[in-house]
Asker: 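Below are the structure tokens for one structure; questions will follow.
Computed from heavy atoms alone, side chains included, the values below leave out hydrogens, waters and symmetry copies.
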Amino acid sequence: KIADVMTMRRWEQVKGNVHFNDNTSDPGHDPLFKVRPFLTYTLERMQSIPPSEHLCVDEQIIPYKGKSHLKQYNPSKPHTWGYKVYVLCDSKGIAYNFKMHVGKIQPVSGMPDLGASSNIVLHLASIAPSNQNFKLYHDNWFTSTGLEIEMAKRDLLPWHSQNQQR
């Protein structure tokens with residue numbers, strides 16, 4: 001624990017001086033600008049792991065009780081307040097891709113706009129190789145006819161919580 005190594009005052013001083021980006025080069029439109037280099041590095045490392053055959057898309061809440069305009073409330077999650085992140089994982093819990101929720105969900109470039117929930121699946125599943133019979137699991141919130149068609153074009157077998165077999 002940090003408390004075993006340093007005082008709270010020292011921790012606050014260290015935490016206040018940690019920077020991942022230069023504040024003077026703020027582009028003004030990225031709410032995660034200050035941590036973007038860290039997120040990019042983490043995402044690159046996650047995507048360097050070869051994905052397993054069974055993949056799942058879901059949303060997670062990173063618990064946070066402080067003040068932030070990015071904080072979300074979801075009463076159906078174990079941690080009801082925090083940062084929402086969409087994650088592509090395998091059956092063992094290894095994450096391969098993620099996307100932080102920062103507002104309006106844009107369509108994936110080169111893909112049709114299928115609505116927010118389906119756009120998330122297209123974005124996260126874009127790292128899975130096509131035509132290799134990957135199975136993609138997701139719940140009904142992410143499901144749409146357009147998504148099923150797009151996944152079939154990429155030969156990603158679409159599964160969702162109601163499917164028992166394909």
Side-chain angles (χ1 to χ4, degrees), residues 26-65 67-166:
D26 179 9
H29 62 277
D30 183 6
L32 297 171
F33 156 75
K34 290 190 176 190
V35 292
R36 183 61 62 197
F38 174 73
L39 294 175
T40 302
Y41 173 78
T42 303
L43 195 56
E44 288 170 356
R45 300 296 297 163
M46 292 167 80
Q47 291 178 358
S48 69
I49 302 167
S52 65
E53 179 183 2
H54 298 274
L55 299 170
C56 175
V57 172
D58 204 0
E59 62 182 14
Q60 300 289 318
I61 297 288
I62 299 171
Y64 183 70
K65 292 185 180 181
K67 293 181 180 180
S68 173
H69 68 280
L70 296 177
K71 189 170 64 171
Q72 298 280 314
Y73 174 71
N74 189 337
S76 66
K77 296 293 180 185
H79 299 285
T80 55
W81 285 100
Y83 298 110
K84 185 188 292 188
V85 61
Y86 303 98
V87 186
L88 177 72
C89 298
D90 68 8
S91 59
K92 295 177 180 120
I94 297 173
Y96 299 100
N97 200 358
F98 70 91
K99 183 167 181 64
M100 299 290 295
H101 182 81
V102 294
K104 187 172 193 263
I105 299 167
Q106 300 296 327
V108 179
S109 96
M111 298 271 199
D113 185 359
L114 302 176
S117 59
S118 295
N119 287 345
I120 287 293
V121 175
L122 289 175
H123 174 79
L124 295 175
S126 66
I127 66 158
S130 295
N131 303 319
Q132 292 189 13
N133 291 326
F134 280 87
K135 281 103 180 146
L136 185 65
Y137 300 83
H138 50 81
D139 61 26
N140 291 337
W141 187 77
F142 295 102
T143 304
S144 73
T145 305
L147 176 65
E148 304 297 323
I149 292 168
E150 285 301 314
M151 292 290 109
K153 287 179 187 175
R154 296 193 55 224
D155 201 22
L156 281 171
L157 301 177
W159 287 63
H160 47 85
S161 60
Q162 292 179 339
N163 283 351
Q164 298 300 315
Q165 289 182 335
R166 180 164 177 3

Asker: Do Ser52 and Lys92 come within less than 4.5 Å of each other through their side chains, counting heavy atoms only?
Answerer: no
Asker: I'd like to know if the side chain of Tyr137 pairs up with that of His54 as donor and acceptor (distance under 3.5 Å, no hydrogens or angles considered).
Answerer: yes
Asker: Taking C-beta and beyond as the side chain, do His69 and Pro31 meet within less than 4.5 Å on heavy atoms?
Answerer: yes
Asker: In Å and rounded to the nearest 0.5 Å, what is the OG to CG distance from Ser117 to Leu147?
Answerer: 8.0 Å
Asker: Can you tell if the side chain of Leu136 reaches within under 4.5 Å of the side chain of Met151, non-hydrogen atoms only?
Answerer: yes
Asker: Would you please test Lys71 and Lys84 for side-chain contact (heavy atoms from CB on, under 4.5 Å) and show each step?
Answerer: CA-CA 7 Å; Lys71 189 170 64 171; Lys84 185 188 292 188; over 6 Å; no
Asker: On the 0 to 90° scale, with breaks at 30° and 60°, tag the Trp81-Tyr73 ring pair as parallel, tilted or perpendicular.
Answerer: tilted
Asker: Within this structure, what is the CD1-CZ distance for the pair Ile62 and Phe98, rounded to the nearest 0.5 Å?
Answerer: 8.0 Å
Asker: Find out whether Val85 and His101 are in side-chain contact, i.e. whether some heavy atom of one side chain is under 4.5 Å from a heavy atom of the other.
Answerer: no
Asker: Can you confirm whether Lys34 is buried at NZ, in the sense that more than 12 heavy atoms of other residues, nucleotides or ligands lie under 6.0 Å from that atom?
Answerer: no
Asker: Go through the steps to decide whether Ile94 and Met46 satisfy the test side-chain contact (heavy atoms from CB on, under 4.5 Å), and finish with yes or no.
Answerer: CA-CA 9 Å; Ile94 297 173; Met46 292 167 80; over 6 Å; no
Asker: Just verifying a value: how many Å separate Ile61 CD1 and Ser76 OG, rounded to the nearest 0.5 Å?
Answerer: 8.0 Å
Asker: First locate atom CD1 of Ile127, then atom CD of Gln47, and finally report the distance between them rounded to the nearest 0.5 Å.
Answerer: 5.0 Å
Asker: Looking at side-chain heavy atoms only, is the closest gap between Asp58 and Asp139 below 4.5 Å?
Answerer: yes
Asker: Does a side-chain heavy-atom distance below 4.5 Å link Asn74 with Thr80?
Answerer: no
Asker: Let me confirm one number: the OG-CG distance from Ser118 to Asp113, rounded to the nearest 0.5 Å.
Answerer: 9.5 Å
Asker: What's the verdict on side-chain contact (heavy atoms from CB on, under 4.5 Å) for Val121 and Tyr86, showing C-alpha distance, side-chain angles and the deciding distance?
Answerer: CA-CA 9 Å; Val121 175; Tyr86 303 98; over 6 Å; no
Asker: Quick check: are there more than 12 heavy atoms from other residues, nucleotides or ligands sitting under 6.0 Å from OH of Tyr64?
Answerer: yes
Asker: Counting C-beta onward and ignoring hydrogens, is there a side-chain heavy-atom pair between Leu55 and Tyr96 closer than 4.5 Å?
Answerer: yes
Asker: Is there a donor in the side chain of Asn119 and an acceptor in the side chain of Gln106, or the other way round, less than 3.5 Å apart?
Answerer: no
Asker: Report yes if some heavy atom in the side chain of Glu59 is under 4.5 Å from a heavy atom in the side chain of Val87; otherwise report no.
Answerer: no
Asker: Grab the two heavy atoms, one from Pro107 and one from Pro112, that are nearest each other, plus how far apart they are.
Answerer: CB-O, 4.4 Å
Asker: Got a second to check how far His123's NE2 is from Leu88's CG, nearest 0.5 Å?
Answerer: 10.0 Å
Asker: Please test Val35 against Leu32 for side-chain contact (heavy atoms from CB on, under 4.5 Å), starting from the C-alpha separation and ending with a verdict.
Answerer: CA-CA 6 Å; Val35 292; Leu32 297 171; 4.3 Å; yes
